[in-house]
Amino acid sequence: MLSSASNRVLTFTLQFSSSLKFSPKTHIDYRPGSLHSSIMSSASRSSPREALFDDSGCGGPITLEEWQRWGCVSPVPAMVNAVIQDLKLLENNIDAHMVFGGNGGKLQGDFKIQEDKKHRAKYETLADSDKKFQFYSARQIACRLLGSRGYLCQKCWLPMEDCMCSKVKPSSLWHGIKFWVYMHPKNNTGKLLWQVFGVQAATLCLYGISEDEEIMWNAFKDAGKAKVWCLYPNHNNAPKTVQDAFSHQSSADMECAYSLTNKDRPLNFVLIDGTWSNSAAMFRRVKEQAKLAWGEEDIPCISLATGASAMHKLRPQPSWDRTCTAAAAINVLAELQLLPECSTHGLDKQAEAVEDALVVLLEVLTTRRLRMGRSITRKVRHSRDIC
């Protein structure tokens, strides 16, 4: 999802050359709906299952090893483990097991009723709005982690029987670019980027998790505002193209993003990975953090205008200027490749690697839906959802 801002707001209007349009590989015979809803429903709408705990007697806290297997680079969030501890204590006190299942892999049964009362009561005791927000995010993540243990692959986040890891081909991202996947706790489509490029080139930052956000903003402050771009459609500012933004820079200037005098300071692209209803709040938080870091809310932004791309057949969007997180990364890389200054960095091949992974994901999800006897056409699924 893509963006813009005040002083240095940019809008990438992508006008692909014929060689850089989505390849025929993305034109599949079926038309699945939203990637987010497809992953969540296919991966999480399952038979009820109990949470798995270790035998340590401490309620099975998340270890650093387990946390980082999910793609995280931060320490284990203290609040996430605190929530897990509270869940285990409640389980012991009411003599009811944690059960996850159904649409979204949520808590179910008697435990859900009691836990809902308890977490709402705790939420009301938190006077600070930021603490409330962090508690909300930590609870969402804690429940997802517990409900996924022994069920989802920790790398691709799909059910074990549908793991796609062996089909995804890794690729190296040019060292002058770094993606930050700013992910809502309920979303997960941006995971394809670190599956392809690795967690150092495409780093996960969970919305509302202070440990993650601190790592991301420390990197931004070190790099400087000029090297941070948020991908989000901000319609309050006049759009610019990639050509307008970068064509004045020489190849040497672009390479300087990773020179000896500017080591570890690439161009940082923030991809907001959440539903469009969630993304507005996420973008507001980005602006709040920008004000704390640089004294003003203005943050350089990119608004991606894709037009009628193939991705809109694969994932419905509220409007034609919006696309999913993985497709946004593909488009940015492809547009940068058109600039002479960037044409030697193989960005087109890197975009193709993400596209290939996206095709694999769609094929895996479709196969799963067919195996479960569920519709793979958008029309039938939406009619059922309305009912």
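None of the values given here were measured: they were computed from a predicted structure. Hydrogens, waters and symmetry mates are skipped; everything else that's a heavy atom, side chains included, is used.
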All salt bridge (Lys or Arg N to Asp or Glu O under 4.0 Å) counterparts of [X], not counting sequence neighbours:
X: D110; answer: none
X: E65; answer: R69
X: R371; answer: D162

Partner of E115 by side-chain contact (heavy atoms from CB on, under 4.5 Å), out of R120, R139, M98: R139
Test ring pair (Phe, Tyr, Trp, His ring centres under 6.0 Å) applied to W180 and F269, F220, F197, the passing residue: F220
Counting distance only, does the side-chain N/O of [X] pair as donor-acceptor with the main-chain N or O of [Y] below 3.5 Å?
X: Q337; Y: L347; value: yes
X: K225; Y: A290; value: no
X: E91; Y: F111; value: no
X: E213; Y: C205; value: no
X: W174; Y: T344; value: no

Rounded distance [0.5 Å steps], CG in L107 versus CG in D116: 9.5 Å
Straight-line distance of C301 SG to K287 NZ, nearest 0.5 Å: 8.5 Å
Residues that K117 engages under side chain to side chain contact (heavy atoms under 4.5 Å, CB included), provided they are two or more places apart: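 K117: side chain to side chain contact (heavy atoms under 4.5 Å, CB included) contacts with I113, Q114.
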Atom NZ of K155: over 12 foreign heavy atoms under 6.0 Å: no
CG (D95) with more than 12 external heavy atoms under 6.0 Å: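 No, CG of D95 has 12 or fewer neighbouring heavy atoms, counting only those of other groups under 6.0 Å.
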W70/W194 aromatic ring centres below 6.0 Å: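 Aromatic pair excluded; centres sit 6.0 Å or further apart.
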Pairwise side-chain contact, F179 with T325, heavy-atom cut-off 4.5 Å (strictly under):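 A side-chain contact under 4.5 Å is absent here.
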Donor-acceptor side-chain pairing of N81 and Q85 below 3.5 angstrom: no
Between K178 and T203: side-chain donor-acceptor atoms closer than 3.5 Å: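 Yes.
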Taking all atoms of both residues into account, what is the closest heavy-atom pair of [X] and [Y], and its distance?
X: A353; Y: S171; result: CB-CB, 3.7 Å
X: A329; Y: L271; result: N-CD2, 3.9 Å
X: A351; Y: A334; result: CB-N, 4.3 Å
X: A138; Y: M79; result: CB-CG, 3.6 Å
X: P266; Y: N268; result: O-ND2, 3.0 Å
X: A326; Y: L192; result: CB-CD1, 4.1 Å

Chi angles and distances behind the side chain to side chain contact (heavy atoms under 4.5 Å, CB included) call for L204, V199: CA-CA 7 Å; L204 170 64; V199 296; over 6 Å; no
Pairs touching residues 75-87 that satisfy salt bridge (charged side-chain N to carboxylate O under 4.0 Å, His left out), sequence neighbours left out: D86-K122
Residue pairs involving residues 120-144 (criterion ring-ring contact (aromatic ring centres under 6.0 Å, His included); sequence neighbours excluded):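 For residues 120-144, and leaving out neighbouring residues, the ring-ring contact (aromatic ring centres under 6.0 Å, His included) pairs sorted by first residue read F133-Y207.
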